[in-house]
Protein chains: 2
Amino acid sequence: MKRTIYDIARELNLSPGTISKVINKTGNVSDETRERVLAYIKKVGYVPATSARMLKSKKSYTIGVVFSEDLNIGLEHPFFASILQHFKKYVENEGYELSFIVSKLGNNQMSYYEWCMNKKVDGVYIVVGDNGDQGLHELALKNIPCVSTDILIPGIHAIVSDNRMGIIQSLDYVYQNGSSKTVGMIAGPQHSRAFLERYQAFIEYQNEQEHPINPKHIVFAESFGFTSGYQAAMKLLENPLPKVLLVGSDDIALGVLKALKDHNISIPKDIEIIGFDDIHFAKHFTPSLTTVKQDRERIATTAAKKLLQLINHPDRPVEEVIRIPVELMVRETTK
Amino acid sequence: MKRTIYDIARELNLSPGTISKVINKTGNVSDETRERVLAYIKKVGYVPATSARMLKSKKSYTIGVVFSEDLNIGLEHPFFASILQHFKKYVENEGYELSFIVSKLGNNQMSYYEWCMNKKVDGVYIVVGDNGDQGLHELALKNIPCVSTDILIPGIHAIVSDNRMGIIQSLDYVYQNGSSKTVGMIAGPQHSRAFLERYQAFIEYQNEQEHPINPKHIVFAESFGFTSGYQAAMKLLENPLPKVLLVGSDDIALGVLKALKDHNISIPKDIEIIGFDDIHFAKHFTPSLTTVKQDRERIATTAAKKLLQLINHPDRPVEEVIRIPVELMVRETTK
DNA sequence: TTGTAAGCGTTATCAG
DNA sequence: CTGATAACGCTTACAA
């Protein structure tokens, strides 16, 4: 049933080495035999045994995926799942597959790096990672090709949204025509880079443009997700509201919207809301959410492309951080 | 740097074979040497090379995951992503890891079965699959351990929700106290087993209880998702509405809700809605959605447990289809 | 251009 | 109870 390179060699009156050469497009083989082998391989549906190949060549055509669970962001997270999906599609098309890196496998604990050595993965992709995770920093030190679409670690290439640009677009939109509305922000947890960047961009913009910042109009959500958005909004409601509210993420924004509705606050009449992410649901909500769209597909494919480049041309230098442009989607929560 | 079983043997004045034995808990080793080896291994952080181990033993401690993309259900799907997440957690804890099965890897097309042989996966998990997918049926024929939490294929063990029970609970709730409301259904695409079962259960219940079924109150959504729900609702609106509406899934139900709202139909006053799934968002929507909750965690862990059993005790027979109970979550879209 | 043979790091079967 | 030794299926010098 299962055929090896030896069987093929015998059946074709060739030597195993030759077969290997044509499969790997290495060494010299006459065009004729190459064709013959290729045809035969296709006919009988031979596929080389990965394990043997790995054992010998130290390559696996596999990319390890870090999807940090510590943050309690499940695979269900609308943003990260989507990115992972696009990434997967791209690399599979290039002949690579994905395997989740896990640090606690049954009994034996193993660092990301050990896992990579052990599995001989060609590269690793950090979809979402925790900055406090030592394993990640260890990875950055060893030189294994590695890209991230989340955290920024010196030594690891990252592809992330231009958060600052998103905030600028939002505020430019708010202040257009010389309007001088009061604007507040419900920021996400500040241990997350993306949330931190968005918050800082907000503060900087306001300072540069000399718009006042009212501390009571700034609230930090405790976590990701709907519920923490709801709670943050409750806190905001303790004081008079600003006219416009930027929210760190759509997930959170939806919770905010709900809290506001529950208090009979009319949107966008009483307060305008601008989110961040453009998750699938943003446009379906009532009222539909004005938000900054992250180009998930572009982030993912850029990351994939870059990782493959790192793997196949380790010499060619590349920029370490790439910022992907974002776009403001104006919908019903602003006027 | 990288240590092999040989290095360890040498450093410990033993033979490689002995080391292997203690690692695999096989053959006879004196307690003393076992301890000594185990201690040393832990100290130096040795991990066996998977490739070599696979090559020799035909085991990989890896489970192949089928996540059909043909259906355009991405990794982002709230139900399946959540199930996969729970499954992953369970098997990782038992020392297995997950690798996505892919049939078109770069240039060479390969059937699921070939992939499994090639990668020597110990089992396969079908999170979501297309019934028209020949590769899946081929898998069922070969005897590789395999479980599904979606499609039902003869020969493949399946763990799915008790859809009939969900419909019965919903309708019992609707008809409680001898009420005789008219009830309709927006069913999902009928090529999907789960949707089909829900539809059939509905029809059977109504017939058994001798409640009339108005064909105009039954609409089939063309696809999964919000948009097809919206469209289905539009169709339903062409005729007078029933008093109660069961919807095949929450995803679809949210689209329905939106369409109804857009037409100024009051929920639950004019029409009551009951969904299916209890996706995360169901309780956050306004009004919050009454729905049948699928126990995603239990489905996933049951599937995981069963697959591991199939792998490790292929002899022990097990039922082929397990139905997991569901629970009606009563919220604001019903009164 | 093709064939030979020595590994890669394990496991498993025998002897000792 | 422990130690040799032959696979496992492939890649890669090197020889023919």
Side-chain angles (χ1 to χ4, degrees), chain A residues 1-38 40-41 44-62 108 110 114-122, chain B residues 1-38 40-41 44-62 108 110 114-122:
Chain A
M1 170 79 249
K2 185 68 179 140
R3 210 177 298 258
T4 79
I5 216 177
Y6 272 80
D7 302 322
I8 303 201
R10 186 162 14 80
E11 287 155 24
L12 250 38
N13 274 315
L14 288 168
S15 80
T18 308
I19 311 295
S20 174
K21 276 172 212 156
V22 355
I23 289 173
N24 298 290
K25 313 186 200 350
T26 155
N28 288 328
V29 193
S30 72
D31 284 358
E32 195 206 319
T33 25
R34 185 197 321 290
E35 292 312 325
R36 210 153 63 91
V37 174
L38 251 24
Y40 190 75
I41 280 179
V44 301
Y46 164 82
V47 194
T50 358
S51 43
R53 175 177 264 189
M54 271 168 69
L55 180 55
K56 186 65 203 185
S57 66
K58 274 102 176 85
K59 246 214 142 199
S60 64
Y61 287 95
T62 299
N108 44 350
M110 149 168 54
E114 284 171 331
W115 189 91
C116 290
M117 290 294 88
N118 176 247
K119 291 291 205 148
K120 302 192 168 75
V121 292
D122 300 334
Chain B
M1 170 76 247
K2 184 69 180 140
R3 210 177 299 260
T4 80
I5 215 176
Y6 270 80
D7 301 323
I8 303 202
R10 184 161 16 79
E11 287 154 24
L12 248 39
N13 273 319
L14 286 168
S15 82
T18 307
I19 312 294
S20 174
K21 276 173 210 154
V22 355
I23 290 173
N24 298 288
K25 312 186 199 354
T26 155
N28 290 326
V29 193
S30 73
D31 283 358
E32 195 207 319
T33 24
R34 186 197 323 289
E35 293 311 327
R36 209 153 62 90
V37 173
L38 251 24
Y40 190 75
I41 280 179
V44 300
Y46 162 83
V47 193
T50 356
S51 43
R53 173 176 264 188
M54 271 168 70
L55 180 57
K56 186 66 204 181
S57 68
K58 273 101 179 83
K59 248 211 142 208
S60 63
Y61 287 93
T62 298
N108 46 348
M110 140 165 71
E114 285 172 331
W115 189 91
C116 291
M117 290 296 87
N118 175 246
K119 290 290 203 148
K120 300 193 171 73
V121 292
D122 299 336

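Per chain, numbering begins at 1; letters A, B, ... match sequence-line order.
Closest non-hydrogen pair, Leu12(A) versus Arg36(A), comes out as O-NH2, 3.2 Å. Taking every heavy atom of both residues into account, Arg3(B) and Tyr40(B) meet most closely at NH1-OH, 3.8 Å.
Two residues are said to be in side-chain contact when any heavy atoms from C-beta on lie closer than 4.5 Å; Pro48(A) and Ile5(A) fail this criterion. In this structure the side chain of Ile8(A) never reaches within 4.5 angstrom of the side chain of Thr4(A), judged on heavy atoms. For the pair Arg53(A)/Asn24(A), a side-chain contact is recorded, criterion being any heavy-atom separation below 4.5 Å from C-beta on.
Within the structure, a side-chain polar atom (N or O) of Arg53(B) is placed less than 4.0 Å from OP1 or OP2 of dT11(C). At dT10(C), one or more side-chain N or O atoms of Tyr46(B) fall inside 4.0 Å of OP1 or OP2 (strictly under the cut-off).
The NZ-P distance, from Lys120(B) to dG9(D), rounds to 7 Å in whole Å. The CE-C1' distance, from Met117(A) to dC8(C), rounds to 15 Å in whole Å. Computed from coordinates, the Tyr6(A) OH to dC8(D) P distance equals 10 Å when rounded to whole Å. If you measure from atom CG of Leu55(A) to atom C1' of dC8(D), you get 9 Å, rounded to the nearest angstrom. Rounded to an integer number of Å, the gap from CG of Asn28(A) to P of dT12(D) is 15 Å. Atom NZ of Lys59(A) and atom C1' of dC10(D) are 16 Å apart (whole Å). Rounded to an integer number of Å, the gap from CE of Met54(B) to C1' of dC8(C) is 14 Å. With rounding to whole Å, Glu35(B) atom CD is found 16 Å from dC1(D) atom C1'.
Residue contacts shown for Ser20(A) include a base, since a base heavy atom lies under 4.0 Å away. Nucleic acid contact for Thr33(B): sugar-phosphate only, since backbone atoms but no base atoms lie under 4.0 Å from a heavy atom of the residue.
Across its full length, the helix from dT1(C)-dA16(D) to dG16(C)-dC1(D) shows an angle of 40° between the axes of its 5 terminal pairs at either end, rounded to 10 degrees.
Using modelled atom types, one finds no donor on one side chain facing an acceptor on the other under 3.5 Å when comparing Lys119(B) with Thr62(B).
With hydrogens and angles disregarded, no donor-acceptor distance shorter than 3.5 Å links the side chain of Asp122(B) to the backbone of Lys59(B). The closest donor-acceptor contact from the side chain of Ser60(B) to the backbone of Met54(B) lies at 3.5 Å or more, if one exists at all. Looking only at distances, no side-chain donor or acceptor of Arg34(B) sits under 3.5 Å from a matching main-chain atom of Val22(B).
Map Asn24(A) and Val29(B) each onto its nearest nucleotide of DNA chain D; the residue landing nearer the 5' end is Val29(B). Between Ser57(B) and Asp31(B), the residue anchored closer to the 5' end of DNA chain D is Asp31(B), taking for each the nucleotide with the nearest heavy atom.
Listed by chain and residue number, Asp7(B) satisfy the salt bridge (Lys or Arg N to Asp or Glu O under 4.0 Å) test with Arg10(B) (two or more places apart in sequence, or in another chain).
Residues from residues 8-19 of chain A with heavy atoms under 4.0 angstrom of DNA chain D, sorted by number: Gly17(A).
Taking 3.5 Å as the limit, the base of dG7(C) and the side chain of Lys56(A) contain a donor-acceptor pair of atoms between them. Judged by atom type and distance alone, Lys21(B) reaches the base of dG3(D) through a side-chain donor-acceptor pair under 3.5 Å.
When the nucleotides dT1(C), dT10(C), dC10(D) are ranked by their closest atom to the side chain of Ile5(B), dT10(C) comes out on top.
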